[in-house]
Amino acid sequence: MKKTGAQILCESLINEGVEVIFGILGGSVLPIYDTFPQYTKLRHILVRHEQGAAHAADGYARATHKAGVCIATSGPGATNLVTGIACAYMDSAPMVAITGQVARSVIGRDAFQEMDITGITIPITKHNYLVTDVTELAKTVKEAFHIAQTGRPGPVLIDIPRDVQQEQTDFIYPDKVDLPGYRVISRGHPSQIKKAAKLINEAEQPVIIAGRGIIISQAYDEFREFAEKAQLPVAHTLLGLGSFPGDHILDLGMMGMHGTPCANLAVQNADLLIAVGMRFDDRATANTEEFAPNARVIHIDIDPAEIGKNIPAEVPVVGDTKSVLTALNEEVKKGEHVDWLSQIEQWRCEYPSLEIRETDEVLPQYIINQIYEATRGDALIVTGVGQNQMWAARYFVYTKPDSLISAGGLGPMGFELPAAMGAKIGRPEKVVWCIAGDGGFQMTIQELATITQEDIAVKIAIMNNGYLGMVRQWQELFYGRRYVGTKLWNPDFVKIGEAYGIPGIKVKRREEVIPAIQKAMEYPGAFLVDFLIEPEENIYPIVPPGECLARFFQPSKPEVLEGRF
Amino acid sequence: MTDTRHTLVALVEDKPGVLNRVASLFRRRSFNIQSLAVGGSEHSGLSRMTIVAVGDSAQIEQVRKQLEKLINVVKVSDITEEGMVTRELALIKVKTTASTRSEIMQIVGVFRANIVDVAPGSLTVEVTGDEDKVNSLLRLLRDFGIKEISRTGRIALTRGSSS
Ligand SMILES: Cc1ncc(C[n+]2csc(CCOP(=O)(O)OP(=O)(O)O)c2C)c(N)n1
Ligand SMILES: [Mg+2]
């Protein structure tokens, strides 16, 4: 029996194990939406902006390790997806984005709501397709999921003209893909692994830099065995938090611009860096010229193009982190590094990473730390972008695998709410806390309606400082405290929540913090807490732009900023 | 590290948009390319691209690896260090007068180039060779006045039986 393109798409999605689709319809996807009722296995979640659809698919993907799916109509629907697709691309999240396109007969004629979305998304997708023949559709969906979910994951976009959705053909779902130009190197080369093991066994001051690659390949056990066996202290990139227990004696926390002094000093003084599934982003390395001057570098990554892109590697190992670490664990010797680890302990004591000022003020650090206490770390933390993100990274202890979802590479404000929504739908059994900035929250605030309509029980904590806080902090520190365009007039977020059908409370005093968190957790559905935090609270330490990791500034160490700016 | 010219040869799928993907990659990553030539290869469904790029060896290795990541790109090799045969074809329309025509034809003969079109006041010359040869001929013809030039950019293959 022949099926329409729209039916073929739905059947193919079901074949790929898709359960949820985030989207908004429009003329060019009507035939697809019209078939949804025939496929009750596919749950469609109607969002309020296509950016929300893409971020939700991203949050879903990061929470479940399966490709998230979003759908939008041609033209403005498709262009609204762009930020969310770019975000998934930068953070290697698997996603399949489906867009409707105008009918084939009018493509290229600037038809109503025609946009060259495949052209637009070339630099922000792992691959994309314009399907011009319905007989190619099933094969295209198969390839898209394969590409999105294997190797270094990423978003793939499929653009389907409306008449292709209506055209009929036989449906046969292929069981294999034929992609001569796509190879994934999953096993590390044995001789590279031997070389890496030799360096590790000989190192005196080794440090691991743990990235999101460990989380993507779910190599938590192998990674922990590796660090423990060779006694290697672990620094994290932002997206590497959650790859190793944050309360482990070998854990140093996050490195980088807002990293812990202990992590930054360890990396900077290392004689060997073992970079695992990370890409030496500049927010993690700070000044690359002065980066870890005495360190030899082992770089393990599944993407060969990451090797040597930002920091030269003496021993590259291309492969999936899980398989490489399994092989390395056979080769590395039991380590001790007594002197080095005691030096690290000294730094840890000198600069305690969880220290929070005693004060009556409502401090964001305290709130985050109390969310950690209340959940005992067993929660999914989804952050916005800015100070709230850095406080969430620094003051929650990521003791459980897979507990942080944050937009590291693109850093789009407004990620938090839709991504939290997607994460909760993917992992309904988990407590999901959305840590929002008052600025970023207002970029995707309309998803509160989706949350109510679909009954998605996310807990929302707004870090309401009345500022575009991270930018204000830069103006304070580097632009002579001239605040231009950073002060926010805000609506009453509790009332907004109520209007959307979500209960909430405002927190103005420190002693209200813990009860508010409790109340949010006890409430069965979505709940909003508007924390009126200290407006000019900063995130410290900060490595000023252009400085190396060791030259971090914090109020107790003012010399770093002297004579600058 | 010093900047040198590298010749990259890529086998790419013969599908719509592939050239766009390759060009987009060069632009986005600020890779400096001098020429790009594309045409059929010995495999049906695959085209061969020859890319001349300038940079140090680390940059060129980045170009190569980023290109290989494109799904429609099957294989990319930097053949600069291998023995290779390179050719370029140029069409040059040069001004002529009754008094210069024979001198131009003599130069064309020396370069084993061909005259492919004759018109009142101009000649079109076709020359094939490596870039040096094309450049030398251009230098000599410049004095007569060049009206138009079209160059294909370099195409290349490795020498001998290797592939
Ligand atoms: C879409 C977008 N626009 C602008 C920025 C630049 N930016 C980075 S952090 C920030 C401030 C964010 O303010 P808020 O959401 O209130 O978070 P806070 O830093 O105050 O915690 C801005 C404007 C961005 N990251 N994303
Ligand atoms: Mg703010």
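Numbered from 1 within each chain, the chains take letters A, B, ... in sequence-line order.
When Gly151(A), Gly308(A), Pro312(A), Pro180(A) are compared by the number of non-hydrogen pairs under 4.5 Å with chain B, Pro180(A) comes out ahead.
For chain A, no part of Leu11(B) is nearby; none of its heavy atoms comes within less than 4.5 Å. Of the two parts of Ile307(A), the backbone and the side chain both hold a non-hydrogen atom closer than 4.5 Å to a non-hydrogen atom of chain B.
Atom CD1 of Ile147(A) and atom CD1 of Ile71(B) lie 4.0 Å apart (nearest 0.5 Å).
For CE of Met84(B), the number of neighbouring non-hydrogen atoms (other residues, nucleotides, ligands) closer than 6.0 Å is greater than 12. Counting non-hydrogen atoms of other residues, nucleotides and ligands closer than 6.0 Å to CE of Met115(A) gives a total of 12 or fewer.
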At a cut-off of 3.5 Å, what donor and acceptor atoms pair up between chain B and chain A?
unit_1   : atom_1 : unit_2    : atom_2 : d
Arg21(B) : NH1    : Asn128(A) : OD1    : 3.2
Arg21(B) : NH2    : Asn128(A) : O      : 3.0
Arg21(B) : NH2    : Asn128(A) : OD1    : 2.8
Gln62(B) : NE2    : Ala305(A) : O      : 2.6
Lys65(B) : NZ     : Pro304(A) : O      : 2.9
Lys65(B) : NZ     : Ile307(A) : O      : 3.1
Lys69(B) : NZ     : Asp303(A) : OD2    : 2.6
Val74(B) : O      : Arg183(A) : NH1    : 3.3
Val74(B) : O      : Arg183(A) : NH2    : 3.3

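Residues that satisfy the salt bridge (charged side-chain N to carboxylate O under 4.0 Å, His left out) test with Glu148(B), not counting sequence neighbours, are Lys93(B).
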